[in-house]
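Taking it in order: structure first as structure tokens, then the write-up.
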Amino acid sequence: LFCVQPIRLGGVLLLSLLAGCSGDGVSSGGVAGELGHGKFHYACVDDSDPTCPKSAVPGSFPGRVGIGGLFDVTFEEFNADGASRVRLASAAPFIIAEQSQHFHAETRGFAALLARRTSDGRIIDFVHVEAVTVSRLGVTSNGAPPPLVWKTGQRQVLTATAQDSVRGTLAGARGFTWSLGGSDLVRLERANPAAEMEFFPSAPGNVTITVATGDVHADLQIRVEGKPVLVPPPPSMDAGATPDASLPGIGDGGSPPRDAARDAAGPGAADAAEAGSGSPSDGGAG
Amino acid sequence: VKGSGGALVAAWFAGAGLLAGCAADRPVFDHLSFRAMSSAPGVVSLRPLEVRIEQGIAVKARVSALDRDGSPMPLLELFTSNGAVFEVADGPSPGDYVFFGVTPGKAEMDVYSDGRLATSLPVTVAAPGGM
């Protein structure tokens, strides 16, 4: 019932959204339009949008999207006659723009998303979405604060989310870039950009993991413990993706970092993890 | 000849009087009345002779144009003078209009009654948080 009339931006009926209304990519909770004539549904462009976690119950319409975030919205008209079509458009394209069949949060402020019937041009409903400055990045591991001490040979997965100044998660798909500050103790196992990054720690020592989107970044101080291990081939690097050339081991068939063990034995390796607070730093924006 | 000339003069006065009567009967715009407004997350001010609204904010209202006798003017239509700044569109029901600010700036809202321009009201669209 939720997707009786899932009209996407541009008036194009998308069967993929029809199929996805109760599954991945679509937040099926929806919100009633402010005029009471229909329901707006938020749809994620990709998995980097925290609004539509793959394994969680779909949430409600987020209402707040981080600047730089991409998203989709569909509209279900109550009492639709079946023949009428509705086109969604932004009231203020400088705040919420229409970009490549998606909506894109451009600058801070509210923008009404208008559901306009194409047959007579009437605006039958609308909902306001707030574009919010991304002030900081949150980093989690399986939804919890990430461990600051890793064991060699045990893969770790970190997830980044855009947040406002009070740590509220902001909706919208965006690219996150992960880096290791030149360290070869840990290897990135997936291609950038990605909201979720997998790491393989291969040798003991300290490493600073940085994740960034736009002008905002977060640093994470990690201490790796254990004996050096061989680095296996990357398990999930996307086909055709370009590995980070600054990291030894990626794409080299699995040979361990040449100097990893020696580097890890340097002074200060045991206590450097204390520099990491576990909570990412505030970024420069906003 | 004299008689027909008098008839012509009488006809002229009668026609002019008829036209004047028509003009006098045509309602003269006085102000707009806004009712049943939707809520909005920003500042919106729909006044009888002025509209102020924040960029990006949309609001629906039921609108009537009242003449100097306080009677509703017929066949109301509202148009924007500059859609890049301010937009007004028909709402979900007859008599409903949706107003929204597109970009900060000034525009006018043209009020038509029965196909005739009744007045143009000033519209101000403010930047977010600028009102």
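These values consider heavy atoms only, across backbone and side chains, with no hydrogens, waters or symmetry-generated copies. Just so we're on the same page: letters track the sequence lines, and every chain starts at 1. Note that the structure is predicted; figures quoted are calculated from it, not measured.
Of all non-hydrogen atoms in A:Leu70 and A:Asp49, the two that sit nearest each other are O-OD2, 4.1 Å. The shortest non-hydrogen separation linking A:Ile67 to A:Val134 is O-CG2, 3.8 Å. For B:Ala58 against A:His128, the heavy-atom pair with the smallest separation is N-NE2, 3.0 Å.
For a residue to count as touching a neighbouring chain, one of its non-hydrogen atoms must lie under 4.5 Å from one of that chain's; by this rule A:Phe126 touches chain B with the side chain only. Residue A:Arg108 touches chain B through its backbone alone, counting heavy-atom pairs closer than 4.5 Å. For chain B, the nearby part of A:Leu114 is the side chain; its heavy atoms alone come within less than 4.5 Å. Heavy atoms of B:Glu87 lying under 4.5 Å from chain A are absent altogether. Contacts between B:Val85 and chain A at a heavy-atom distance below 4.5 Å are absent for every atom of the residue. The contact between B:Val102 and chain A is made by backbone and side chain atoms together, counting heavy-atom distances below 4.5 Å. Looking at B:Pro104, there are no atoms closer than 4.5 Å to chain A (heavy atoms on both sides), in backbone or side chain. Within the 4.5 angstrom heavy-atom criterion, atoms from both the backbone and the side chain of A:Ile123 approach chain B.
Side chain of A:Glu196 to backbone of A:Val157: no donor-acceptor contact under 3.5 angstrom is found.
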message: Determine whether B:Lys60 and A:Glu34 satisfy the following criterion, salt bridge (charged side-chain N to carboxylate O under 4.0 Å, His left out), listing intermediate values before the conclusion.
response: CA-CA 9 Å; B:Lys60 185 266 312 180; A:Glu34 295 174 30; over 6 Å; no

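Contact annotation: the side chain of A:Thr161 never approaches that of A:Thr140 to less than 4.5 Å [non-hydrogen atoms, C-beta and beyond].
Note on B:Thr103, B:Val98, B:Asp96: by heavy-atom pairs under 4.5 Å with chain A, the leading option is B:Val98. Each of B:Ser93, B:Ala40, B:Gly91 has some count of heavy-atom pairs under 4.5 Å with chain A, and the biggest count is that of B:Gly91.
Between B:Phe86 and B:Phe99, the ring planes are parallel. Angles under 30° get that label, and only those over 60° would be called perpendicular.
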